[in-house]
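For reference, the structure discussed in these notes is given below.
Quick note on labels: first sequence line is chain A, next is B, and so on, each numbered from 1. Worth knowing before you read on, the calculation uses all heavy atoms, side chains too, and leaves out hydrogens, waters and symmetry mates. Not measured: the values here are computed from a predicted model.
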Number of protein chains: 2
Amino acid sequence: MDELDSEIVRLLQSDARQSNRELARKLGVAPSTCLERVRALTRRGAIRGYHADIDPAALNRAVQALVSVQVRPLNRAVIDTFKGFAAGLPEVLHVFVLSGGDDFLLHVAVQDLDRLHAFLVDRLSKRAEITGFRTSMIFQQVSNTTPVALPS
Amino acid sequence: MDELDSEIVRLLQSDARQSNRELARKLGVAPSTCLERVRALTRRGAIRGYHADIDPAALNRAVQALVSVQVRPLNRAVIDTFKGFAAGLPEVLHVFVLSGGDDFLLHVAVQDLDRLHAFLVDRLSKRAEITGFRTSMIFQQVSNTTPVALPS
DNA sequence: ATTGAAAGCAACTCGGA
DNA sequence: TCCGAGTTGCTTTCAAT
């Protein structure tokens with residue numbers, strides 16, 4: 001990860017569909033050089049993929065919430081099982097496995113409040129390993145789409 | 001958002017760099033048709049952009065945490081100010097503005113535990129509007145990269 | 001590791017259905 | 001709205017450095 005790699009990563013985070021030529025032009029190197037750098041970054045696993053950013057409203061997901069969940073007993077089998085269960089639900093965008101007061105945080109996005117309630121009652125409340133959960137509605141969200149590499 | 005649009009969105013979520021021709025082939029339409037659909041989705045704001053997915057470790061961000069924050073007084077000026085402040089910090093990946101017990105949730109990613117501690121002490125503790133915060137370490141994260149459109 | 005040249009493809013436009 | 005042909009431009013390879 002030298003200076004060139006960092007800049008490639010930064011530019012592809014902000015716009016993954018710009019052409020390799022444009023990337024090369026911004027970096028001041030030949031397109032073939034740029035292409036090889038991108039391939040190397042991908043081989044190494046630094047670049048994991050390219051994803052379109054879709055407006056949740058366009059996916060009928062106007063209501064978003066964060067649900068913190070506690071499970072017991074807190075062992076590997078229970079954690080892995082619940083993680084797999086949660087990740088497989090269509091309402092769930094992200095599952096975080098945590099330490100601290102909460103064991104999991106679920107980022108969910110659904111059509112409306114009724115569906116959120118149904119998710120909590122029909123999906124979560126039925127699981128025996130869940131000993132408690134707490135829901136916070138998301139009103140706004142700001143994302144840093146181009147996190148930079150931090151210095152060591 | 002008909003069936004074709006939904007499928008385009010789904011495919012671009014899973015791989016934003018596949019060629020328009022490949023997209024068209026998978027959908028069984030002409031490339032020119034597919035291109036026009038993608039442009040219309042972008043014009044309407046359904047497609048908001050395309051971003052490379054980068055391994056946090058490659059950006060020197062091996063340590064990730066979720067920090068829930070309470071601020072007072074809870075009015076628009078304080079909320080907007082804190083939101084802007086938090087979103088501008090290089091350690092912060094996402095800012096969620098919430099209802100419920102917490103007012104904000106910050107998703108932060110830093111080099112190591114020392115830097116996390118420094119972030120909490122030097123950045124957050126200095127803010128007068130913050131009346132409390134709580135940090136949970138992130139051990140694992142599963143993301144649904146291709147959320148589907150939900151039925152109405 | 002980087003480059004330039006050349007071949008192969010894809011993006012994009014536009015006229016027609 | 002969709003399609004297909006044609007032009008323009010990009011991606012990709014490869015031999016040389």
Return the value, rounded to whole Å, for the distance between atom CG of A:Leu27 and atom C1' of C:dT3. 15 Å
Would a hydrophobic clustering, with Ile, Leu, Val, Met, Phe, Trp and Tyr connected at side-chain separations under 4.5 Å, put A:Leu120 with A:Val108? yes
Of the listed nucleotides (D:dT12, C:dT3, C:dC14), which one gets closest to any side-chain atom of A:Ser32? C:dT3
How many Å lie between CD on A:Glu36 and P on D:dT11, as a whole number? 15 Å
Does A:Asn60 use its side chain to pair, donor to acceptor, with the backbone of B:Ala149 at less than 3.5 Å? no
When we call it a touch if two heavy atoms are under 4.0 Å apart, what does A:Arg17 touch: a base, just sugar-phosphate, or nothing? nothing
Are B:Val67 and B:Ile79 connected in the hydrophobic side-chain network, where two residues link if heavy atoms are under 4.5 Å apart? yes
Rounded to the nearest Å, what distance is computed from the CD atom of residue B:Gln18 to the C1' atom of nucleotide C:dC9? 16 Å
For A:Ser19, which contact category applies under a 4.0 Å heavy-atom criterion: base, sugar-phosphate, or nothing? sugar-phosphate
With nearest nucleotides of DNA chain D determined for B:Arg21 and B:Asp2 from heavy-atom distances, which residue corresponds to the more 5′ nucleotide? B:Asp2
ILVMFWY network linking B:Val71 to B:Leu124, side-chain heavy atoms under 4.5 angstrom: yes
Taking the six-membered ring of A:Phe85 (Phe, Tyr or Trp), confirm whether the NZ or CZ of A:Arg127 is under 6.0 Å from its centre and within 45° of its axis. yes
Please report the distance, rounded to the nearest Å, between CD in B:Glu3 and P in D:dT1. 18 Å
On DNA chain C, more 5' by nearest nucleotide between A:Thr33 and B:Leu35 is A:Thr33
B:Leu23 CG to D:dC3 C1', straight-line distance once rounded to whole Å: 17 Å
Does B:Arg25 put a side-chain nitrogen or oxygen below 4.0 Å from OP1 or OP2 of C:dA10? no
Which part of the nucleic acid does B:Arg37 contact within heavy-atom distance under 4.0 Å: base, sugar-phosphate only, or nothing? sugar-phosphate
Round to a whole Å and report the spacing from CG of B:Asn20 to C1' of D:dC10. 14 Å
For the pair made of CG in B:Leu4 and C1' in D:dT1, what is the distance, rounded to whole Å? 11 Å
